[in-house]
Amino acid sequence: MTSPQGSAPSYVHPYIPNAVPAVRQAMLDEIGAASVEDFYADIPDAVRLHRPLDLPAPLRSEAELTRHMEQLLSRNTSTRQALSFLGSGCYQHHVPAVVDEVVNRSEFLTAYAGEPYEDHGRFQALWEYQSMMAELLDVEVVNVPVYDGFQASGTALRMAGRITGRRRLVVASAIDADKLSRIVDYVRPDHDVTVIPVDPATGRADLDAVRETLAAGDTAAVYADAPSALGIVDEALPRLAELAHEAGALYVVGCNPLTLGVLAPPSSYGADIACGDIQPLGLHQSFGGGNAGFIATRDDETLVAEYPSRLFGLVPTSVEGEYGFGDVAYERTSFALREEGKEWVGTAAALHGIGAGVYLALMGPQGMREIGETILNLTAYARTRLAEVPGIEVPYGDALHFADFTVRYTGGRTAAEIRADLKERGIFGGTPTGTHEAAYCVTEVHTKADIDRLAETLQEIVK
């Protein structure tokens, strides 16, 4: 298509909807925007590209495209090809083969947004996932997974804000910098986030500072991670619930669900809303991906009404004794309310929920207990072993850690330098969290020999 006579020609892509200039202008006029650029006003200039994307020339055959993609993929090194001690929210766990077998079935893999008439069991599979997650978390209500645990945390906090009508959100535990950034961006229209630094000596929540902040009476929710970004399971978690409730705030806890075979669920120590990422439950790392977020509460109408995401329930059908599976309180979602919805929710990470459901069914209570005990023991061994390396300190010695933990280098070399040296030796790990501090992680896939190799390699590097 060309522009009117006398103007510069313009190309309208045949497969991009609403690309006709007149149609695009009508849409802008309808919503009162001067240009498409208005939609990107919140994106800081520092992160904008300011140039066209560096794309290759068009590839005109499937063979060329396949070769190009294989060349790109060959530049990656997965954690299955190297010894990895990376964690901090995306973990290397064993994924049973049956999980992949089930989620790759076409009726699940291709059911992008299916309704009951084209569902082929997806609603039931997700209901089963929700039920097992609810048992694990000791609650009654769990949502269909959202994009990832970061979004789940942001959504849980906005739920608390809508319930309390207050603006301030207080973060009381050590929190991953990327997660904090995502939460701040997500809640920014309605909330201000106050981060209370943890006690530098213990890594635990500073209860006095939290109490002082809550005294203002404007806090919607207190948020804590269990374990924290330092890997610490904080003994102060129950006390934070008491402080939050005394101040009229809700208590939101982000947790790693894989810990719940050996650690108490957030609901048992006062959490009103639990949230987190199901990536540890049978989801592959996938080069930093493979994430999906859960939100969980008791069956309280005030809480349930604020879920923006879908909930699937068991319902009777027109045939007596026969049951089906469908949406619960669908009218509260943005699918029903559109722009009037309390919060927008787009495509759910539902397939990952099905995978996590298969994983939970395979593990059962005993399996979850065994994997939790294994990781606790390996974490303790790794911290003890690395503390024996000259030039390395392992802080927060008496705190219980799960998977993640911090080390401090005292020999003068930076964390970034040591991480680079480890990578040259085929080991991923030591993510810098400061100039001379780094994060490590162990899971059930590691052996004592793996940890010993890490310690011996660090001893060579650090000295």
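On a predicted model such as this, the values are computed, not experimentally measured, just so you know.
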Are any of the side-chain nitrogens in Asp450 or Arg453 under 4.0 Å away from the carboxylate oxygens of its partner?
no
Using a 4.5 Å cut-off on heavy atoms from C-beta on, say whether the side chain of Asn256 contacts that of Pro280.
yes
Tell me, do Leu360 and Met133 make a side-chain contact under 4.5 Å, heavy atoms counted?
yes
In terms of side-chain geometry, is the basic nitrogen of Lys448 or Asp452 positioned less than 4.0 Å from the acidic oxygen of its partner?
yes
Can Ile354 and Tyr129 be said to form a side-chain contact (heavy atoms from CB on, under 4.5 Å), step by step?
CA-CA 6 Å; Ile354 293 173; Tyr129 155 77; over 6 Å; no
Non-hydrogen atoms of Leu214 and Ala247 that approach each other most closely:
CB-CB, 3.9 Å
Parallel, tilted or perpendicular, judged at 30° and 60°: which one describes the rings of His245 and Tyr251?
perpendicular
Working to the nearest 0.5 angstrom, can you tell me the gap between Glu444 CD and Thr374 OG1?
8.0 Å
Roughly how far, to the nearest 0.5 Å, is CG of Asn291 from OG of Ser286?
9.0 Å
Does any non-hydrogen side-chain atom of Phe405 lie less than 4.5 Å from one of Pro227?
no
So does Asp199 pair up with Arg204, basic N to acidic O under 4.0 Å?
no
Assess the residue pair Arg168 and Thr194 against the criterion (side chain to side chain donor-acceptor pair (under 3.5 Å)); give the C-alpha distance rounded to whole Å, side-chain angles, the decisive distance to 0.1 Å, and a yes or no.
CA-CA 7 Å; Arg168 188 198 298 264; Thr194 299; 3.0 Å; yes
Set out, in order, the CA-CA distance, both residues' side-chain angles and the distance that settles side-chain contact (heavy atoms from CB on, under 4.5 Å) for Leu362 and Val99, then state yes or no.
CA-CA 9 Å; Leu362 288 169; Val99 174; 4.0 Å; yes
Charged N to carboxylate O below 4.0 Å: is that the case for Glu437 and Arg408?
yes
Could Asp218 and Arg167 be called an ion pair, given the rule that one side-chain N must be under 4.0 Å from one carboxylate O?
no
Side-chain H-bond candidate by donor/acceptor type, Asp38 with Tyr40, under 3.5 Å:
no
Under the criterion side chain to side chain donor-acceptor pair (under 3.5 Å), I'd like the reasoning laid out for Tyr396 against Thr406: C-alpha separation, chi angles, the key distance, then a yes or no.
CA-CA 9 Å; Tyr396 322 123; Thr406 298; 5.8 Å; no
Looking at Arg67 and Glu70, does any basic side-chain N land under 4.0 Å from a carboxylate oxygen?
no
Between Leu376 and His401, what is the shortest heavy-atom contact and its length?
CD2-O, 3.4 Å
Are Phe312 and Val144 side-chain neighbours, meaning at least one heavy-atom pair lies under 4.5 Å?
yes
With rounding to the nearest 0.5 Å, note down the distance linking CG in Leu59 to CG in Leu65.
6.0 Å
Heavy-atom side-chain contact between Arg188 and Asp42 under 4.5 Å
yes
Can you tell which of Thr213, Asp192, Leu240 makes a side-chain contact (heavy atoms from CB on, under 4.5 Å) with Val170?
Thr213
Mark yes or no: Arg122 above the aromatic ring of Phe108, with NZ or CZ under 6.0 Å from the six-membered ring centre and no more than 45 degrees from the axis.
no
Looking at Arg158 and Glu306, is any side-chain nitrogen of the basic one under 4.0 Å from a carboxylate oxygen of the acidic one?
no
Counting heavy atoms not belonging to Arg80, are there more than 12 under 6.0 Å from its CZ?
no
For Ala296 and Val139, work out which heavy atoms get closest and say how close.
CB-CG2, 3.7 Å
What I want to check is whether the side chains of Tyr91 and Asp404 have a donor and an acceptor closer together than 3.5 Å.
yes
Test log, rule side-chain contact (heavy atoms from CB on, under 4.5 Å), inputs Leu400 and Ile232:
CA-CA 6 Å; Leu400 180 67; Ile232 293 174; over 6 Å; no
Could you tell me whether the side chain of Val358 reaches within less than 4.5 Å of the side chain of Glu101, counting heavy atoms only?
no
About how many Å separate CE of Met368 and CD of Glu135, when rounded to the nearest 0.5 Å?
10.5 Å
Over all heavy atoms of both residues, which pair between Thr457 and Ile427 is shortest? Give the atoms and the distance, please.
OG1-CD1, 3.7 Å
Taking atom CD of Glu417 and atom OH of Tyr409, what is their separation to the nearest 0.5 Å?
11.0 Å
Does this structure show an ion pair linking Arg239 with Glu246, if we count only N-O contacts that are shorter than 4.0 Å?
yes
When rounded to the nearest 0.5 Å, the distance separating CZ of Arg419 from OH of Tyr440 is 10.0 Å
Is there side-chain contact between Leu281 and Leu258, with at least one heavy-atom pair below 4.5 Å?
yes
side-chain contact (heavy atoms from CB on, under 4.5 Å) for Leu422 and Phe428? Distances and angles first, verdict last.
CA-CA 7 Å; Leu422 282 172; Phe428 294 166; over 6 Å; no
Does a side-chain N-to-carboxylate-O contact under 4.0 Å join Asp148 and Arg182?
yes
Is the shortest distance from a Lys or Arg side-chain nitrogen in Asp327 or Arg310 to a carboxylate oxygen in the other one below 4.0 Å?
yes
Side chains of Gln366 and Glu370: closer than 4.5 Å at any heavy-atom pair?
yes
Donor + acceptor pair across side chains of Glu343, Thr155 (<3.5 Å):
yes
Check Gly254 against Tyr223 and note the closest heavy-atom contact, atom names and distance.
CA-OH, 3.6 Å
